[in-house]
Amino acid sequence: IISHDGLDIKEETTVWEAVVRWVEHSREERQCNLPSILPHIRFNLLTSDDMAAILENPLVKENAGTSEVIRNVVQSDTSNLKTRFGMDTEEMVWLFSLSTKEMLFMNPRVGKYISCSYAGNLDFTVNHIFSEVVAMTVTSKNNIYALVRESQRRDLLSLLTYNHLRNVWEHQSTVSMLGGEDSVGYQHLVEVDGHLYYLACCYVPEEDSVTLTQKMVRLCIRKFDHHTDQWQECSKLQLSLQVNRRGIVGVAVSCGSYIYFITDEEMHRYHSRVDQWCKMTTPNNFPSIGSSAVATEKEIYFESIENLGEMYVYDTTSESWHDLPAFQQPEETSHLYDNLSVNGSMYFVLEGQLHLFFSYEDENYDTQAWQVCALDRAAGVWTDLKATIPEGDWYMSFEVCHVAHMYLPCLKANSTDEQNAASP
């Protein structure tokens, strides 16, 4: 494993530390394997301080043979050794363009923007994927998945996975659409503990509805088995609620080892290990949530459907709700958007910080502008990053800005435009 180029690590010291932990687990039996293992560590990628620390490690210092092996590896010709996959990645937000068949990858915090041509396989062209995607997700291991309607069978969805090293989407599985014609609201694709889950709401038969306005809705969920490429049915969640004016039933998001499903009226948590839903306590003034949510390791951010820029945060550890500072247009840049109206907005978390992305247009729909702001939680202030996003009809997938660690060498090889000027 440690000889692979595709390891998603930022520093080679991670490989050395993994080897040390493996040996220490059964030192008497495993230390003799070090001479054959060490040549697979790319010591040429380490700093002089890292090398000094390794040579002082008891595993090396107390074994003259191990120390000699390391020195021989360091002195050998290592010019052909590549950097690992993770060393050439950067956390970036990505947007789409149907007209130019491109994807835009950006990190507005450092002023980096890469637009590149997108290569689909023979069955899934660019236009088909972008126009027929119903749900997407980025997993904790940086795998990117999309559920896409099949062109011949509208009741079927294809699960595609993005190959970072080849910059192509590849087919992995097929699943029937949950709810079919009775589905309501968005479809959802999330990951928990390394497993993919597909969720969707659908109406139950009319005679079982509470009232004409209070529909009975069932949240269905399926789990993807990577070993068999099959989908397994999981426990359904029965809901009695009113679909809001935007046709949105609720939003699903994963945080920690749970899936949370939040509506305008209530919140439920799914425990994947026991296949069980439980209703969570909510405040009396429970906010009317929008169509998306983003999560960090322990917190979930929700937008307000009633007031643009108003946010709420749910702490999954303390199971408590808090208000966030509402977005207010920074004075120094507000004049740039005086004659424009907001066409869309979405939140995303980049490098651990909450961001707000706006797209604007004028009344004739022929002038476009974008704005990216970041929230300083400690100061309670939104800052305009003054992003210089390249021109194009960029849009988000189902009102979600996806963030992933992208493999830069492949993006640059397929790049049609690249900007690296730092944001002013």
Side-chain angles (χ1 to χ4, degrees), residues 94 96 98 124 127-139 143-162 169 171-192 195-204 215-225 229-239 241 243-244 246-255 258-264 267-268 270 272 277 289-295 300 302-303 305 344 346 348 395-402 404:
W94 30 292
F96 308 94
L98 272 178
F124 298 95
N127 286 338
H128 180 71
I129 291 177
F130 288 0
S131 61
E132 299 292 350
V133 62
V134 300
M136 301 185 78
T137 192
V138 180
T139 72
N143 295 317
I144 303 173
Y145 293 94
L147 282 174
V148 179
R149 287 180 188 266
E150 293 196 355
S151 56
Q152 302 300 320
R153 289 280 305 275
R154 306 297 290 172
D155 59 332
L156 293 181
L157 301 176
S158 291
L159 178 67
L160 308 182
T161 180
Y162 178 73
W169 290 95
H171 182 271
Q172 184 156 357
S173 176
T174 301
V175 59
S176 59
M177 180 177 289
L178 286 169
E181 294 300 322
D182 292 324
S183 64
V184 57
Y186 289 136
Q187 314 274 312
H188 307 277
L189 188 64
V190 299
E191 177 247 359
V192 171
H195 297 285
L196 281 178
Y197 291 85
Y198 165 38
L199 304 89
C201 284
C202 58
Y203 289 124
V204 300
K215 295 283 189 178
M216 289 293 293
V217 176
R218 181 180 294 118
L219 177 65
C220 301
I221 179 171
R222 289 176 183 161
K223 174 183 177 181
F224 181 63
D225 188 328
D229 286 346
Q230 300 296 315
W231 294 85
Q232 305 168 355
E233 297 289 342
C234 301
S235 294
K236 297 178 176 64
L237 175 64
Q238 198 77 7
L239 302 166
L241 50 87
V243 179
N244 67 34
R246 296 173 66 189
I248 297 167
V249 174
V251 57
V253 62
S254 61
C255 189
Y258 301 97
I259 298 173
Y260 293 83
F261 188 77
I262 306 94
T263 74
D264 285 351
M267 179 169 69
H268 299 264
Y270 177 74
S272 60
W277 287 96
I289 59 98
S291 57
S292 67
V294 292
I300 306 175
F302 303 92
E303 65 170 338
I305 196 173
M346 186 47 54
F348 61 89
Y395 75 99
M396 299 157 282
S397 170
F398 276 82
E399 302 191 22
V400 174
C401 278
H402 294 285

First locate atom CD of Glu233, then atom OG of Ser235, and finally report the distance between them rounded to the nearest 0.5 Å.
10.5 Å
Could you give the distance from CG (Leu189) to OH (Tyr145), rounded to the nearest 0.5 Å?
9.5 Å
Within this structure, what is the CG-OG1 distance for the pair Leu147 and Thr174, rounded to the nearest 0.5 Å?
10.5 Å
Does any non-hydrogen side-chain atom of Arg222 lie less than 4.5 Å from one of Ser176?
yes
Is the backbone of Leu178 close enough, under 3.5 Å, to the side chain of Tyr198 for a donor and an acceptor to pair up by distance?
yes
Evaluate the ring planes of Trp231 and Phe224, with Trp represented by its six-membered ring, and classify them as parallel (under 30°), tilted (30 to 60°) or perpendicular (over 60°).
tilted
I'd like to check Leu159 versus Leu196 (side-chain heavy atoms, cut-off strictly below 4.5 Å). Are they in contact?
yes
Considering only heavy atoms from C-beta outward, does the side chain of Phe261 approach that of Leu239 to under 4.5 Å?
yes
Which pair of heavy atoms, one from Val138 and one from Ala404, lies closest together, and at what distance?
CG1-CB, 3.7 Å
Heavy-atom closest pair (Val251 atom, Ala293 atom, distance to 0.1 Å) is CG2-N, 3.7 Å
Considering only heavy atoms from C-beta outward, does the side chain of Ile221 approach that of Leu237 to under 4.5 Å?
no
Do Leu160 and Val133 have side chains that get closer than 4.5 Å, going by heavy atoms?
no
Are Val253 and Ile262 close enough that some pair of their side-chain heavy atoms sits under 4.5 Å apart?
yes
Is a side-chain donor or acceptor of Trp277 paired with a backbone partner of His268 at a separation under 3.5 angstrom?
no
Report yes if the side chains of Ile144 and His402 come closer than 4.5 Å at any heavy-atom pair, otherwise no.
no
Within this structure, what is the CD1-NE2 distance for the pair Ile259 and His195, rounded to the nearest 0.5 Å?
11.0 Å
Can you check whether Gly250's main-chain N or O pairs, donor with acceptor, with Thr263's side chain at less than 3.5 Å?
no
Can you tell me how far apart OG (Ser272) and OH (Tyr197) are? Round to the nearest 0.5 Å.
4.0 Å
Establish, from distance only, whether the side-chain atoms of Glu191 and Ser254 form a donor-acceptor pair under 3.5 Å.
no
Is there side-chain contact between Leu157 and Arg149, with at least one heavy-atom pair below 4.5 Å?
yes
